[in-house]
Amino acid sequence: MRLPPARRMALEILRRTLDNHQDLQSAANDVLALCADGPDKGLATELAYGYLRLRGRIDFLLNQLFKRPAQTSPVVRRIVGLAAYELIFLDRIPEYASLDWAVSLVRARCDQTMGRVANGVLRNLLRLGRAVTQPDYYRYKTHDQVQFWSAWYSCPRWLVSLWLKHYGHDRARQFLEASIRAPHIGLRIHAGRPKAQAVLAELEPLTLERAGWGLAVREWSELADQAVRQGLASRQSLAAQKIMDALGVSRWPEPIWDACAGRGGKTLLMAEQGKQVWASDVSLFRLRQIQAEAQRLGCAVPVFLAQAQGLAPLRSAPRTIVLDVPCSGLGVLSRRPDTKWKRTAADCAQLAGLQKQILETAASVLPAGGALVYITCTMTRQENEDQIASFVQAYPQFRLLREIQPSLHEEDGEFFYGAILHKTTSPGSTLAGTIAHFREDNV
Ligand SMILES: C[S@@+](CC[C@H](N)C(=O)[O-])C[C@H]1O[C@@H](n2cnc3c(N)ncnc32)[C@H](O)[C@@H]1O
């Protein structure tokens, strides 16, 4: 059978990310790169991301609608689940179209009988009507709050329980609500460019929120695309920019070692502010992306391949170390919804162990008077406040200057944790004064 291209691409993205454990963004990039530009790419992206955001709710419904849910093959569940996503959440696709492609595909992959089962399940879903878009439907069919939230907010039970335990009812609900909303598009306008003000003004009608040179815009537009292509703006979530600002980036002493630089979102934010930054990461691929982007934007950023734990391959000491550490990524589920279906509690513990080692290395490399910046995009106490509390206890020469908790009023739907610490000359001493312009009241 000839599958409509958007569904073919969406299923391939899902296969790569769920079965082969490829990161969702890179799976989407790889699959979409093989296809011609056009509306199918937009629909494929919406289907793959939307399905992953709401997969828990869809699975809850499918468990009720399949006669033998546990025996149904994962392939069939995924095809029927994707069609269910279209039927429940996408008004612009006619119902017959969703049924047609899904039932034909199940028939082609399995047999006539399974095709009839898929058809029956999807038709019974349609009979439930708008009820399945309301929380009460799930509330009355579940036994307790964890199960209800897990179904309605499409989130694994272990994570719902963890957030309830660590953050309480209101914050946990806020995190869960944010995790199923599509995120806004974040842009960073390059302040140094002569046209920067004009770009801000042009994007004003599309802007939902602005913080300094950072914007959250409603949707991707020709204007935004043009600004990025002309090197006047970069894509970066507003929450990622705000955490840097909240931790006082403009006042961090230089040189700065960005030891988990990734694709360089934060590295380039610092470089654009005129900071001297060295960037390292364990991924050569990501370092090459930083180099290419730095060149395009006209910034000079030395990059090198290195682990942030163990021996630091530095010839001279930095005065600020930025650790945007590898973490469980549970604060950015709206942007990376595959994470919640892959992460386990054991991963969080393992990542916390790595973060501890990375912090220990930074503690030994940073000279007295320097600043240590720790950032995660997750929400587990183990990787955030507990990690920093244990660090300060083990290294009393570090004083916590500021800690930014994932905020209750976060409009962006993304949650970062950040802390900035100052290394004093001796345990318990006050500010060392070796870096005169870096003072507690500056941050
Ligand atoms: C949260 S991401 C960094 C995002 C980046 N700072 C940005 O703003 O775009 C964490 C990065 O840590 C890197 N990483 C993982 N393990 C590492 C290690 N042991 N040492 C250094 N970097 C590591 C990953 O490759 C990833 O790029």
Side-chain angles (χ1 to χ4, degrees), residues 21-26 29 183 186-188 214 234-247 249 252 256-273 275 277-294 297 299 301 303-314 318 320-333 335-336 338-339 343 347-348 350-365 372-380 383-384 387 404 406 412 414-420:
H21 293 277
Q22 191 177 355
D23 165 66
L24 174 58
Q25 194 187 333
S26 81
N29 289 346
L187 280 175
R188 188 181 76 245
S234 296
R235 281 189 76 152
Q236 184 174 40
S237 87
L238 187 58
Q241 298 175 65
K242 281 188 190 169
I243 190 81
M244 295 290 276
D245 205 39
L247 294 170
V249 56
W252 297 345
I256 299 171
W257 177 26
D258 187 358
C260 308
R263 294 188 171 88
K266 298 188 183 68
T267 318
L268 292 163
L269 180 150
M270 293 184 272
E272 273 164 24
Q273 297 194 5
K275 298 278 183 193
V277 196
W278 314 324
S280 64
D281 199 280
V282 289
S283 162
L284 193 57
F285 176 71
R286 292 181 183 168
L287 290 172
R288 289 205 173 120
Q289 287 182 311
I290 302 186
Q291 268 182 322
E293 189 61 4
L297 301 177
C299 311
V301 178
V303 302
F304 55 97
L305 190 67
Q307 290 191 337
Q309 79 277 28
L311 281 179
L314 299 173
T320 297
I321 300 182
V322 176
L323 302 176
D324 187 13
V325 287
C327 70
S328 52
L330 302 171
V332 290
L333 292 180
R335 192 154 38 97
R336 299 198 205 125
D338 55 324
T339 307
R343 281 275 176 254
D347 292 339
C348 300
Q350 193 231 323
L351 283 158
L354 174 61
Q355 292 152 7
K356 180 169 178 280
Q357 288 176 28
I358 290 176
L359 277 162
E360 283 166 359
T361 301
S364 67
V365 170
L372 178 58
V373 178
Y374 179 86
I375 298 173
T376 76
C377 58
T378 201
M379 288 169 318
T380 66
E383 296 173 77
N384 293 347
Q387 180 76 275
I404 312 283
D412 322 310
E414 296 193 329
F415 303 92
F416 284 76
Y417 167 87
I420 179 159

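In each ligand, atom 1 is the first atom listed, and ligand 1 is the first ligand listed. Just so it is clear, the values below take in all heavy atoms, side chains as well, and ignore hydrogens, waters and symmetry mates.
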Ligand 1 contact on [X] by region, counting heavy-atom pairs under 4.0 Å:
| X | value |
| --- | --- |
| A261 | backbone |
| A259 | backbone |
| D258 | neither |

Distance to 0.1 Å, residue and atom name: give those for the protein heavy atom nearest to [atom].
| atom | value |
| --- | --- |
| atom 16 (N) of ligand 1 | P326 CG, 3.6 Å |
| atom 12 (O) of ligand 1 | C260 CB, 3.5 Å |
| atom 13 (C) of ligand 1 | D281 OD2, 3.3 Å |
| atom 4 (C) of ligand 1 | D324 OD2, 3.3 Å |
| atom 24 (C) of ligand 1 | R286 NH1, 3.4 Å |
| atom 18 (C) of ligand 1 | V282 CG1, 3.5 Å |

Indicate whether any N or O donor in one side chain lies under 3.5 Å from an N or O acceptor in the other, for [X] and [Y].
| X | Y | value |
| --- | --- | --- |
| Q355 | Y374 | yes |
| E383 | T376 | no |
| Q241 | R188 | no |

Considering only heavy atoms of [X], which atoms of ligand 1 have at least one such atom less than 4.0 Å away?
| X | value |
| --- | --- |
| G265 | 7 (C), 8 (O), 9 (O) |
| A308 | 18 (C), 20 (N), 21 (C) |
| G264 | 9 (O) |
| G262 | 27 (O) |
| Q309 | 18 (C), 19 (N), 20 (N) |
| V325 | 1 (C) |
| Q307 | 20 (N) |

Please tabulate, for the side chains in residues 285-293, all donor-acceptor contacts under 3.5 angstrom to protein atoms that are two or more places apart in sequence or on a different chain.
unit_1	atom_1	unit_2	atom_2	d
Q289	OE1	R263	NE	2.9
E293	OE1	R296	NE	3.1
E293	OE2	R296	NH2	3.3

Does an N or O anywhere in S283 fall below 3.5 Å from an N or O of ligand 1?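 No, no N or O pair falls under 3.5 Å.
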When you measure from the side chain of K275 to the backbone of W252, do you find a donor-acceptor pair of N or O atoms at a distance under 3.5 Å?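 Checked: pair present.
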Tell me whether ligand 1 is touched by L269 - counting only heavy atoms on the residue side and a distance under 4.0 Å.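 Outside the 4.0 Å threshold, so no.
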- Which heavy atom of A362 sits nearest a heavy atom of I321, and at what distance?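 Closest heavy-atom pair between A362 and I321: O-CD1, 3.7 Å.
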Euclidean distance, [Y] [atom2] relative to [X] [atom1], rounded to 0.5 Å:
| X | Y | atom1 | atom2 | value |
| --- | --- | --- | --- | --- |
| S328 | L351 | OG | CG | 6.5 Å |
| Y417 | I243 | OH | CD1 | 9.0 Å |
| L372 | I420 | CG | CD1 | 8.5 Å |
| I375 | N384 | CD1 | CG | 11.5 Å |

Exercise for the section: Check step by step if side-chain contact (heavy atoms from CB on, under 4.5 Å) holds for F416 and V332. Expected result: CA-CA 8 Å; F416 284 76; V332 290; 4.2 Å; yes
